[in-house]
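In the text below, chain A, chain B and the rest are named by the order of the sequence lines, each starting its count at 1.
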Amino acid sequence: MIRYARLVWIQVRVSAATAMAYRANFIAQGAMALVFIVLTVVPLLVAFGGQAKVAPGWDEAGAFVVMSYFMTVRAILEGVTSPSIVDLVERIRSGAFDYVLLKPADAQFMVSTSRYEPWKLFDLLGGIGVGVYAFWLRGAPPAPADLALGLVLLFAGVLAMYSMWIVCAAASFWVVRLDNLVYLLGAIFDVARWPIQVFQGLWRIVFTFVIPVAVMTTFPAMALLGRLDLAHVLATLGGAALMLVVARLVWTFAIRNYTSASS
Amino acid sequence: MIARTLRAIPTLLRVGVAETVAYRAEFLVWTLTTTIPLIMLAFWTSVARGGQFAGYTAADFTAYFLANLIVRQVTSNWVGWQMAEEIRTGSMSMRLLRPIHPFVALTMSQVAALPFRSMIAIPVAVILLATSGSHALTTDPLQLALLVPSLALAWIVNFGLMFAMGATGFWFTQVYAIANFYFALYMLLSGYMMPLDVLATKQPLVAKIAHYTPFPSMVDAPIRLLIGHLDHAQALRLLAVQGGWAVVCVAFGIAVWRRGLRRFEAVGG
């Protein structure tokens with residue numbers, strides 16, 4: 001366990017050093033993050049200019065809490081997981097993945113933590129900022145118990161999303177040329193910016209059960225607002241745990257079928 | 001020179017088509033990543049449910065964003081990325097050695113991808129539009145006649161600006177920041193994220209500024225021809241404005257290219 005923690009720390013330091021080597025780029029990324037945060041919230045600002053609700057049960061403060069979760073989860077994943085997965089696809093193609101497998105550490109761990117994008121920190125701060133704004137709109141901070149539950153479910157949401165990335169990564173063992181699957185996943189995750197109640201009929205079912213974006217943002221946001229009942233809390237935690245187990249199984253199955261590109 | 005270029009065009013197109021077909025799975029995935037119009041569709045129809053928002057009913061929003069999806073699929077291109085990558089890796093040198101202007105060669109390689117993109121996007125969007133937004137589709141013969149030229153002009157405006165962006169790669173090896181900034185402006189000012197008159201309800205100044213930029217020519221104008229109720233003078237004016245911007249943007253793209261080329265230091269070999 002301690003060994004793995006030390007590995008993470010080393011990889012974070014290497015990534016930070018790389019990022020700092022391009023200081024102008026770092027500042028540009030910060031400015032861009034700000035532009036995109038503003039851009040992402042524009043529809044909410046416009047909608048609430050003439051309306052009290054965007055969906056049944058979702059007023060301005062609530063919708064901004066969901067948006068805050070969306071930005072936070074995305075910042076974490078784009079900062080931690082997706083650069084590593086993009087790396088993985090490249091390594092499978094070039095055959096360098098063999099070296100990862102040879103290392104005396106779990107391969108899934110190695111590919112999930114191989115690279116970070118430190119400037120996603122700006123996006124993370126933006127996400128937190130939107131959350132603070134939401135509770136300022138509501139006029140009351142979240143109760144301590146709700147805050148704790150909201151943070152636990154944030155973790156569950158991140159794990160759920162992470163599991164989908166891992167399944168995608170496993171898919172690249174078979175279809176190497178599909179390195180843009182990662183972008184497709186990101187594009188699908190874009191729906192998580194709205195409360196799930198925005199979607200109707202079939203789409204709501206799809207985004208709750210098939211691609212469970214509701215688990216990633218809507219339910220944690222409801223928990224933070226103190227509106228999530230116990231059944232949903234358990235379903236969210238259970239769903240995230242289930243996805244993690246499935247992802248692990250798919251990963252181990254895929255790796256057993258791995259045929260190196262180099263030899 | 002011109003005759004030689006014209007003779008090369010069919011071959012360039014064939015090469016482009018072959019490239020698209022060779023990477024069809026990747027291409028399909030890229031096409032599917034255009035989810036923003038559908039995400040915005042869900043949001044705005046939810047906002048307008050059981051009433052109206054800024055004069056739009058839920059059905060109006062549905063028609064708007066499905067039209068948006070078609071326009072985006074048909075008019076987008078990635079020439080900026082292609083150029084930036086070629087400059088960064090040095091393969092731009094090869095392109096410069098060929099006896100044909102890179103602007104023509106790159107245009108053809110992008111045009112060749114169009115049929116494939118349309119094949120995937122258009123049937124889906126047309127079916128959706130016909131089933132849930134047919135009331136909004138225009139039946140005016142002039143608007144229908146102007147639709148194809150309008151889409152073509154939207155494509156040219158977008159291409160000109162993307163070409164200029166790619167050419168900034170001569171100065172900066174990483175054009176991502178510029179590209180992102182461009183895309184942010186595009187999303188806000190073109191009508192991609194929301195109809196411009198909806199934007200005007202909360203941000204009248206921003207919406208007004210938008211109409212002085214080339215962005216509405218890329219999204220807003222073709223959508224209005226497809227689903228708007230315009231009189232003939234309005235329709236023709238839309239097209240004229242698009243035509244003006246097409247000339248300006250292509251000229252701008254080539255001007256940036258010329259300036260950049262003087263600074264070009266070939267990387268690699």
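Proximity of the aromatic rings of F189(A) and F70(A) is defined here by a centroid distance below 6.0 angstrom, and this criterion is met.
Residues V250(A) and I166(A) form no side-chain contact, since every pair of their non-hydrogen atoms from C-beta on lies 4.5 Å or further apart.
Counting heavy-atom pairs closer than 4.5 Å to chain B, the top-ranked of the candidates F199(A), F36(A), W203(A) is F36(A). Counting heavy-atom pairs under 4.5 Å between each of M40(B), R49(B), M194(B) and chain A puts R49(B) at the top. Among A42(B), A48(B), G51(B), the residue with the largest count of heavy-atom pairs under 4.5 Å with chain A is A42(B). Interface check for chain A: of the options M193(B), K202(B), M187(B), the most heavy-atom pairs under 4.5 Å are formed by K202(B). For chain B, the option among D190(A), L185(A), V35(A) with the highest count of heavy-atom pairs below 4.5 Å is D190(A).
Only the side chain of P56(A) comes within contact range of chain B, with heavy atoms under 4.5 Å apart. At a 4.5 Å heavy-atom cutoff, the contact between I36(B) and chain A is made by side-chain atoms alone.
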(Q) ring pair (Phe, Tyr, Trp, His ring centres under 6.0 Å), that's the test. Do F183(B) and Y186(B) meet it? Break it down for me. (A) CA-CA 5 Å; F183(B) 193 61; Y186(B) 173 91; 5.8 Å; yes
Q) How far apart are the C-alpha atoms of Y64(B) and W44(B), what are their side-chain angles, what is the distance that settles it, and do they pass the ring pair (Phe, Tyr, Trp, His ring centres under 6.0 Å) test? A) CA-CA 10 Å; Y64(B) 182 89; W44(B) 290 108; 9.9 Å; no
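Under the 3.5 Å distance criterion, with hydrogens and angles disregarded, a donor-acceptor pair is assigned to the side chains of D197(B) and Y56(B).
Side chain of S46(B) to main chain of V54(A): a donor-acceptor pair is present (N/O by atom type, distance under 3.5 Å, no hydrogens or angles).
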